[in-house]
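The structure under discussion appears below in the form of structure tokens.
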Protein chains: 2
Amino acid sequence: MSSEQTPETAGKSLFSLQRRERLMEELRAHGAITVRDIAAKLGVSELTIRRDVNTLADEGLVSRVHGGATLPSPLDRSVSVGRPSAHSYSIGMVVPSLDYYWPQVISGARGEAEVQNLRILVRGSAYDAADNRRQVQALLDTQNIDGLIVAPDMSGDHGKELLRWLNALPIPVVMAERRAPLEIPSHRLEWVATDHSFGAGMAVRHLWQEGHRMIGCLTDSTSPTSPHVVRGWKQALAALKIPLEKSIHEDSAKLDNGDRAKHFDHVLELCRSTGTTAMLVHSDTQAVAFVQHCVDRGVDVPGSMAIVGYDDEVAYLAEPAISAVRPPKNYVGKVAVQLMAARLAEGRMRPVHRIDLNPELIVRDSSLGAPRGVADVLLEDSL
Amino acid sequence: MSSEQTPETAGKSLFSLQRRERLMEELRAHGAITVRDIAAKLGVSELTIRRDVNTLADEGLVSRVHGGATLPSPLDRSVSVGRPSAHSYSIGMVVPSLDYYWPQVISGARGEAEVQNLRILVRGSAYDAADNRRQVQALLDTQNIDGLIVAPDMSGDHGKELLRWLNALPIPVVMAERRAPLEIPSHRLEWVATDHSFGAGMAVRHLWQEGHRMIGCLTDSTSPTSPHVVRGWKQALAALKIPLEKSIHEDSAKLDNGDRAKHFDHVLELCRSTGTTAMLVHSDTQAVAFVQHCVDRGVDVPGSMAIVGYDDEVAYLAEPAISAVRPPKNYVGKVAVQLMAARLAEGRMRPVHRIDLNPELIVRDSSLGAPRGVADVLLEDSL
DNA sequence: TCTCATTTGTTCGAGTTTGAACGTTTCAGA
DNA sequence: TCTGAAACGTTCAAACTCGAACAAATGAGA
């Protein structure tokens, strides 16, 4: 992920206030930042970032450290002043990754926690039930937490066992980006999750409106969101009366470099033979690679192949910029904390809340305009 | 994007108010603006824009920064204090009944509206799409409402048309106790609804735990909640491996007095012949009648026939008192208003929320204790 | 039509923000 | 403890923004 060399400010620069806000966001997401990284990311000199850090430190919003800044720490003597009230509750938060997807969720959670005057303790875990449980147990044992926000691994028997265990914990539990399946007793578990299925459907309907009549799907089955995306894609196809059995559905999990290129060629060949003019590609990093591949092979995007990515981490970096479904990651964290705060305040009488959030479709160049050469394609199709 | 050389004021110049309005629009769209760009875009001098920015900043609507303005930021010290939240909105609320079920929803909504400083205008309607629309239109025309909470009739083509219409309204819409089906474009509709299916499942599992192995369902198909209850009942049966095809599912819609008694006798006969020892009865008023009927016929409740009612309006009045699933009606109203308040405060950037609330199972006498004569039943069952 | 109040534009000195250069401080490893 | 590399802060200059003062334009009401 060190490819962030291209400052995303290519064009517009931020005001100092926005820069500081951005800085706080990164801080909430990662807990600490280095001057160098942020300067590179925002495309300004390190000195500027240092000045920002100083400003924020003067207001007690960050703790200065050599090389960067961290969230205000009690060890930081200089902060002393602005601490009006002690934290009411401590909330543990266990997420499966601290690099991808989750930093923004954490950022949203931390932001809301500040508003609600809660303390949040974040722990990264693996995509693995046993480790999830270990991390939660560690928080319970050592940190005296009053509530738990967690995105557990739910696969297999271990996953089910973990859910049962979470459901029986003596403290309230809110799941983020997870839903308990019906068959598992989980009447106490609350959750907030993005409706990925809806998002995929939105992408398909957008492509349909642009004139595409065969819309494929390229997924990464290693991701827990993948099944939902596929479900949404299938439902949308059904609603639009696109024949599912003729539609491309390929998985490119675990492929690297050469293999991936070969697989992409295979996919392009399939598209040609089925008359598919548009693809929904899960994980926008893969979408970027796919677009790159299309361009390399002389396939015009979006003219001959329209693409919508699922997720919006790096989609804007591609050339052409990729349309993408953007899950409301910040809000997932924010709403999770809201749920927890309300639960802690209202107790048992409050009914169990389960919240779906809809993602947003960001339309960029890669999916705009009607498909070209539909006639040719149909010709080949009829062979 | 500096191509806006032609100021759009080609004909008329804007009044300052319009300009500020426009300025806020740009701000909401982009998060920040520069004095220079806006001045060029609106065809006025930079100083004018600066004065506008100052005015808006004094009202706390923007944060001033060197070179432009941003949306109000928590980092902006000058704003921090002043949050009078003066703005009070009016919300219309259209519900299908003012006698049954909905009074509690309205009460919850009113309570929360007070907290949020909102005004609520309630109108009763019929269980009928055309009338729903009439009532909503009346509110729009005469009351100048800023948001709408509604429980529309969704049956048939009229229902679908109504949903489409609601989705296209210029004001935010929150549905109560309704969910839009997938196939209808309703990306802007938010909702809060009781998970009746979960509630039915909870009742079935409770009866299973008490020892019942054949659990029937008596519904009232005229109610919009009925399908969800049936679905939950079926899902629970499947999870517990109770054969669905052998299980009793009767509907007693539109029956009165003598007919009802006859139908109840029929149901009891079916129970006897299938070995069913427990029934989930939709609408607790019907459950009361059914319990009464059992007692009249000398069928012991819960000894020979355990009963759980769905809904908890009058269940406690029966003799014996009836266990019942209680939907969180108050919270449906409360959460609907919370959704609306947040939507009005945060605008378009907030993702669409869709909330399920779980009902609660109130266990009373009518379902407690193991079934009697299980042996007999099993005997008959094996015939 | 005239007058007055309000709004908008121009000019220009004062103030801000940013980055480069360079000397000082801090940190980590020997 | 020493030392080199990295991080830091001071100073200065360039570019830019801001707002006061005054002038011009506009619109409402007499």
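Order of the sequence lines sets the chain letters (A, B, ...), proteins ahead of strands, with each chain counted from 1.
Atom CZ of Arg19(B) sits about 10.0 Å away from atom CG of Leu56(B), to the nearest 0.5 Å. In this structure, the separation between CE on Met24(B) and CG on Asp52(B) is 11.5 Å, given to the nearest 0.5 Å. Residue Glu25(B) holds its CD atom at 15.0 Å from CZ of Arg20(B), rounded to the nearest 0.5 Å.
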- Message: Protein within reach of the bases, or only the backbone? For nucleotides 21-30 of chain C, mark each nucleotide 5' to 3' as B, S or -, using heavy atoms under 4.0 Å.
- Response: -----SS---

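Listed here is the closest heavy atom pair of His187(B) and Asn167(B): N-OD1, 3.5 Å. The nearest pair of heavy atoms linking Ala151(A) to Pro96(A) is CB-CD, 3.8 Å.
Rounded to an integer number of Å, the gap from Gln18(A) CD to dT18(C) C1' is 16 Å. Rounded to an integer number of Å, the gap from Ile49(B) CD1 to dT10(C) P is 13 Å. Put simply, CZ on Arg50(B) is 12 Å from C1' on dT10(C), counting in whole angstrom units. A straight line from CG of Leu42(B) to P of dT7(C) spans 17 Å, rounded to a whole angstrom.
Using a cut-off of 4.0 Å between Lys/Arg side-chain N and Asp/Glu carboxylate O, Asp312(A) and Arg364(A) are scored as salt-bridged. Using a cut-off of 4.0 Å between Lys/Arg side-chain N and Asp/Glu carboxylate O, Lys329(A) and Asp311(A) are scored as salt-bridged. Between Glu26(A) and Arg22(A), at least one side-chain nitrogen of the basic residue sits less than 4.0 Å from a carboxylate oxygen of the acidic one, meeting the salt-bridge criterion.
In terms of phosphate contacts, Arg19(A) brings a side-chain nitrogen or oxygen within less than 4.0 Å of OP1 or OP2 of dT18(C). Considering only side-chain N and O atoms, Thr48(A) lies nowhere under 4.0 angstrom from the phosphate OP1 or OP2 of dT18(C).
Here the range on DNA chain D touched by chain A, meaning any atom under 4.0 Å from one of its heavy atoms, is dA6(D) to dT10(D).
The shortest distance between side-chain heavy atoms of Phe15(A) and Thr34(B) falls below 4.5 Å.
Checked by atom type and distance alone, the side chain of Ser97(A) pairs as donor or acceptor with a backbone atom of Asp99(A) at under 3.5 Å.
Counting non-hydrogen atoms under 4.0 angstrom, Arg36(A) reaches the backbone sugars and phosphates but no base. Nucleic acid contact for Val53(B): none, since no nucleic acid atom lies under 4.0 Å from a heavy atom of the residue.
Applying side-chain contact (heavy atoms from CB on, under 4.5 Å) to Ser63(A) and the options Val53(A), Thr70(A), Leu71(A), Leu27(A) leaves one that passes, Thr70(A).
The rotation axes computed at either terminus of the helix from dT1(C)-dA30(D) to dA30(C)-dT1(D) lie 40° apart, taking five pairs at each end and rounding to 10 degrees.
Remark on DNA chain D: of its neighbouring residues Gly67(B) and Arg51(B), the 5'-side contact belongs to Gly67(B), judged by nearest-heavy-atom nucleotide.
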